[in-house]
Amino acid sequence: MESRNPRRSPAGSGESPATTDEPTGDATRVVVLVPHVARRPGEEGERRRSPEARLDEAVGLAGAIDLDVVAAHVIGLSTVRPATYLGSGKVEEIGEDVKAHEAGLVFVDAPLSPVQQRNLEKAWSAKVIDRTALILEIFGQRARTKEGVLQVELAHLNYQKSRLVRSWTHLERQRGGFGFLGGPGETQIEADRRIIGERITKIERELEQVKRTRALHRASRKKVPYPVVALVGYTNAGKSTLFNRLTAASVMAQDLLFATLDPTLRQVKLDTGDQIILSDTVGFISDLPTQLVAAFRATLEEVIEADIILHVRDVSHEDTAAQAADVADVLRGLGVDPDDDHRLIEVWNKIDRLDEEGRTRTFNSAARLTGDAHPIPVSALTGEGMDELKLAIARRLSRDRVTLALDLDPADGEGLGWLYRHSEVLDRRAADNGTLHLVVRVAPDRAGNIERRFGARRTASRRGAA
Ligand SMILES: Nc1nc2c(ncn2[C@@H]2O[C@H](COP(=O)(O)OP(=O)(O)OP(=O)(O)O)[C@@H](O)[C@H]2O)c(=O)[nH]1
Ligand SMILES: [Mg+2]
């Protein structure tokens, strides 16, 4: 597309003003593009998502920050062009589309180099953002807690810094005249890098502080004898809906990608009497930039330390396998073994959206996986499968915990208080002579202590051990 190249023509009729890359359309009107590069030989099949599903997701991402999607296209490519990512014919075609729809923004669902971004902005007279930038934008809007806000800003700065290096090094120029921003002779790039670097250091320090506070909170929660059950899963899988169903609380559950950003904790009593702390977390997404994963490591510490992890999957989604593989990757990155059936329970959600045949298939494949690997088909929306899920959680808990029986002098109020604080009291009965017969349940590492202090005896669990 030769005509695009110089872009130096004076502002004529219909031409945008001197800076041709100044967006001319409405900045909330967005054209969504999903470049689909032809399959390379040897590429993993499981990871291949259908272009249509990727387009749905991309439109969802744009909608997540209230952008008005005016057009959305999958663009087939045989190869990625270094200068513009897309071929010149496509660039031109899309330019017309952008103009026709008066869009001020184009979301390209791919990792664009700074040069590609710049060139496309010039060609389309619109702002161009790539996947990382859009996800950062969403995270920026969603973050509520101080830690979340800081982490998003940190990820943003790191993103900027990496782009600064790549985009500007060949354009480095001396900063003339305004000496106060940098030392004499400091180049623009050095100054920018230094400012960003200082800001990063400052945020990292603040984050340290926030993390220390969180660690304290966690430590005090650890004294609570209740196990932590964390929900993880691909964004939009239904974690918050399930969380609400299990807690009967109302956490923001929406058909928005990344509706939940900061972890939410709530105490829940299962029908079996088990008390748990349920934790709702940020959704995962494919191609989540590594710096973002790193930034959210701290937020996901609840997951790392959880006793049980519920991996919520949208089994009605055509890419459910690819999504599950992405979630497994993130878990691995957090140091959690995704194949640890001991800790993980797969929750196959949204079964209400399956047709009769899909239902049968889903239930059959769930039944084929036995023992700890057995997934639980549910619908968080209709409530189907909730009893099975709670039972699965209770079983998992009772299996890992030790049940102890002990007798306590009724005068030992201090001992009784300690037991209530440090163990789950399952049963309490007073004998005729006043002695209290107690049945308590604790994590294995605490059992020895109670055996010694109260002369407790290990027993078979009274319930949930089926
Ligand atoms: N049909 C159906 N829809 C569901 C079910 N569970 C959740 N949804 C819908 O799926 C959408 C996403 O649900 P959320 O609970 O917000 O998903 P999430 O996993 O918390 O998403 P993020 O917080 O963005 O990661 C909402 O529109 C829910 O109403 C289900 O069992 N069946
Ligand atoms: Mg959520």
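Numbering of ligands and ligand atoms starts at 1, following listing order.
- Where the criterion is an N or O separation shorter than 3.5 Å, residue side chain and backbone included, Val378 fails it with respect to ligand 1.
- Annotation: Asp280 places no N or O atom under 3.5 Å from an N or O atom of ligand 1; distance criterion only.
- Residue-to-ligand polar distances place Leu381 within reach of ligand 1: an N/O pair is separated by less than 3.5 Å.
- With sequence neighbours left out, the side chain to side chain contact (heavy atoms under 4.5 Å, CB included) criterion links Asp355 to Glu357.
- No side-chain heavy atom of Lys239 sits less than 4.5 Å from a side-chain heavy atom of Asn349.
- Heavy atoms of other residues, nucleotides or ligands lying less than 6.0 angstrom from CD of Glu356 number 12 at most.
- Heavy-atom distances between Ala237 and ligand 1 reach below 4.0 Å in at least one pair.
- In this structure, the side chain of Arg54 engages the main chain of Pro35 through a donor-acceptor pair within 3.5 Å.
- Distance check: Arg428 CZ to Leu419 CG gives 10.5 Å after rounding to the nearest 0.5 Å.
- Those atoms of ligand 1 that come under 4.0 Å of a heavy atom in Lys239, given as number and element, are 15 (O), 17 (O), 18 (P), 19 (O), 20 (O), 21 (O), 22 (P), 25 (O).
- Side-chain atoms of Thr247 do not come within 3.5 Å of backbone N or O of Val268 as any donor-acceptor pair.
- Contacts between Thr241 and ligand 1, counted as non-hydrogen atom pairs separated by less than 4.0 Å, involve both the backbone and the side chain.
- For Ser240, the nearest N, O or S atom to the Mg ion (ligand 2) falls under 2.8 Å.
- At a heavy-atom distance under 4.0 Å, only side-chain atoms of Arg353, from C-beta outward, approach ligand 1.
- Atoms of ligand 1 lying under 4.0 Å from any heavy atom of Ser240, numbered from 1 in the order shown and given with element: 15 (O), 18 (P), 20 (O).
- If you look at Asn349 next to ligand 1, the close heavy atoms, those under 4.0 Å, all belong to the side chain.
- Residues meeting the salt bridge (Lys or Arg N to Asp or Glu O under 4.0 Å) test with Glu153, sequence neighbours left out: Arg199.
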